[in-house]
Participant: 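Structure incoming, see below.
Residue numbers begin at 1 in each chain, while the letters A, B, ... track the order of the sequences.
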Protein chains: 2
Amino acid sequence: MAESCRFAFAVHVMAVLAACQGDLCSSTMLARTVNTHPVVIRRLLLDLRAARLVATERGAGGGARLGRPATGITLAQIYAAVEAPCLFRTHPGQPAKFCPIGCRIVPVLDRVFARANRAVARELGRLTLAGFLRQLRHD
Amino acid sequence: MAESCRFAFAVHVMAVLAACQGDLCSSTMLARTVNTHPVVIRRLLLDLRAARLVATERGAGGGARLGRPATGITLAQIYAAVEAPCLFRTHPGQPAKFCPIGCRIVPVLDRVFARANRAVARELGRLTLAGFLRQLRHD
DNA sequence: TATTATGTAACTATTATAGTTACTGAAAGG
DNA sequence: CCTTTCAGTAACTATAATAGTTACATAATA
């Protein structure tokens with residue numbers, strides 16, 4: 001897994017924005033609670049904004065807030081916004097064409113990967129940001 | 001996803017071993033069809049052997065073969081044998097303790113990650129190595 | 001005893017990503 | 001205006017994971 005921590009960061013940021021009830025939060029403040037650099041947060045917010053999950057405002061007093069209510073945002077949407085579409089990696093070099101397995105394996109593997117990715121999306125789609133916050137409170 | 005290609009490699013190796021019907025395959029031969037280095041294959045075979053999915057023999061004429069019939073091996077077992085148990089990564093640095101979200105998010109996130117991992121395992125568990133080979137043939 | 005294979009340690013190269021610095025441009029308020 | 005405070009962004013560094021490689025020990029076979 002050259003998997004990144006962007007999903008964890010993104011859920012954290014979205015949870016803070018949800019708790020802030022529409023008040024604008026600066027990247028500096030968000031970076032302090034996540035414990036990272038403001039630029040890392042800003043890059044994340046750009047992806048979240050492209051998916052319409054947050055809205056941002058520039059200039060003094062600016063920052064980010066949720067793009068819509070936390071009840072209408074699922075973790076699957078957050079995941080899709082900030083991570084690569086496939087969890088798995090295929091062969092870096094093309095498998096051997098002379099081998100009856102190697103010459104045909106890639107599309108079959110891709111179908112397996114696609115099913116696994118959909119399973120993750122289904123599972124993450126079952127939890128909204130609001131539900132996540134509820135779990136945080138009654139942990 | 002600092003995700004690796006070990007799963008793809010492992011499924012490929014297992015498929016070749018299944019096609020070889022119990023004949024021993026050398027790491028050099030396996031490396032040629034996967035298109036990588038024999039040592040990479042040998043490291044993979046060590047993990048697969050630890051999970052009892054393959055058996056190996058040393059010395060001249062040695063190599064690897066399946067540890068049990070391909071109908072009794074699922075892709076979930078192969079996955080578990082060669083990849084890290086969690087697909088996701090949490091915060092590299094500990095989140096802020098002063099923040100009501102940061103101080104409680106990690107265990108909640110871990111539960112979400114665990115559910116997603118189980119969803120992947122369930123999905124991969126639905127396909128056996130024999131079923132995978134069947135798909136390869138009628139692709 | 002020569003050959004062929006696994007097992008394994010140690011190293012290099014590559015790649016991904018978090019983190020950092022530095023700057024531009026936008027909004028707000030004195 | 002002009003200063004401050006913020007997002008946006010490019011360019012860079014540091015770090016970590018992993019594939020690939022080299023080299024060698026050990027085991028089995030003929």
Participant: Less than 4.5 Å apart, any side-chain heavy atom of A:Ile78 and any of A:Leu124?
Facilitator: no
Participant: Among residues 13-31 of chain B, which ones have heavy-atom contacts with DNA chain D below 4.0 Å?
Facilitator: none
Participant: Provide, to the nearest angstrom, the distance between the CZ atom belonging to B:Arg42 and the C1' atom belonging to C:dT4.
Facilitator: 11 Å
Participant: Considering only residues two or more places apart or on different chains, which pairs with a residue in residues 42-51 of chain A satisfy side-chain hydrogen bond (donor to acceptor under 3.5 Å, both in side chains)?
Facilitator: A:Arg6-A:Asp47, A:Ser27-A:Arg42, A:Arg49-A:Thr56
Participant: Is there a donor-acceptor pair under 3.5 Å between the side chain of B:Gln77 and the backbone N or O of B:Thr74?
Facilitator: yes
Participant: Flag the pair A:Glu57 and A:Arg65 as a salt bridge only when some basic side-chain nitrogen lies within less than 4.0 angstrom of an acidic carboxylate oxygen.
Facilitator: yes
Participant: As an exercise, state the distance from OG1 of B:Thr36 to CG of B:Leu44, rounded to the nearest 0.5 Å.
Facilitator: 9.5 Å
Participant: Between B:Gly62 and A:Arg6, which has a closest nucleotide on DNA chain C that is more 5'?
Facilitator: B:Gly62
Participant: Does B:Thr56 or A:Cys5 map to a spot on DNA chain C nearer the 5' end, using the closest nucleotide for each?
Facilitator: B:Thr56
Participant: Which whole-number value in Å describes the distance from A:Leu44 CG to D:dT9 P?
Facilitator: 15 Å
Participant: Starting at CZ of B:Arg32 and ending at P of D:dG20, how long is that distance when rounded to a whole Å?
Facilitator: 16 Å
Participant: Please state whether the rings of B:Phe88 and B:Phe113 are parallel, tilted or perpendicular, taking 30° and 60° as the class boundaries.
Facilitator: parallel
Participant: Take atom CD1 of A:Ile41 and atom P of D:dC6, then tell me their distance rounded to the nearest Å.
Facilitator: 15 Å
Participant: Does this structure show an ion pair linking B:Glu123 with A:Arg122, if we count only N-O contacts that are shorter than 4.0 Å?
Facilitator: yes
Participant: Within residues 46-54 of chain A, which residues have any heavy atom lying less than 4.0 Å from an atom of DNA chain D?
Facilitator: A:Leu46, A:Arg49
Participant: For residues 95-104 of chain A, which residue pairs qualify under side-chain hydrogen bond (donor to acceptor under 3.5 Å, both in side chains), counting only residues two or more places apart or in two chains?
Facilitator: A:Arg104-B:Asp139
Participant: Check the pair A:Met14 / A:Phe132 against side chain to side chain contact (heavy atoms under 4.5 Å, CB included), numbers first and verdict last.
Facilitator: CA-CA 10 Å; A:Met14 294 292 284; A:Phe132 184 84; over 6 Å; no
Participant: For B:Val54 and B:Val13, run side chain to side chain contact (heavy atoms under 4.5 Å, CB included): C-alpha distance rounded to whole Å, both residues' side-chain angles, the deciding distance at 0.1 Å, then the answer.
Facilitator: CA-CA 10 Å; B:Val54 303; B:Val13 163; 5.8 Å; no
Participant: Let's see if you can work this out: which of D:dA19, D:dA7, D:dT21 has an atom nearest to the side-chain heavy atoms of A:Pro92?
Facilitator: D:dA19
Participant: Between the protein and nucleotides 25-30 of chain C, list the N/O to N/O atom pairs that are separated by less than 3.5 angstrom.
Facilitator:
residue : atom : partner : partner atom : Å
C:dA27  : N3   : A:Ala60 : N            : 3.4

Participant: Check whether any side-chain N or O of B:Asn35 sits under 3.5 Å from a backbone N or O of A:Gln94 as a donor-acceptor pair, and report yes or no.
Facilitator: yes
Participant: Below 3.5 Å is the cut-off: list the nitrogen or oxygen pairs between protein and nucleotides 11-15 of chain D, distance only.
Facilitator:
residue : atom : partner : partner atom : Å
D:dA11  : N6   : A:Arg43 : NH1          : 3.3

Participant: Ignoring hydrogens, what is the shortest heavy-atom contact between A:Leu17 and A:Ala64? Give both atom names and the distance.
Facilitator: CD2-O, 3.5 Å
Participant: Considering just the side-chain nitrogens and oxygens of A:Ser4, establish if one lies under 4.0 Å of OP1 or OP2 belonging to C:dA16.
Facilitator: no
Participant: Rounded to the Å, how far apart are A:Arg89 CZ and C:dT15 P?
Facilitator: 11 Å
Participant: Kindly say whether A:Val39 contributes a backbone atom to a donor-acceptor pair with the side chain of A:His37 at under 3.5 angstrom?
Facilitator: yes
Participant: Whole angstroms only, please: what is the CZ-P distance between B:Phe9 and D:dT18?
Facilitator: 13 Å
Participant: Between CG of B:Leu109 and CD of A:Gln135, what distance do you get to the nearest 0.5 Å?
Facilitator: 10.0 Å
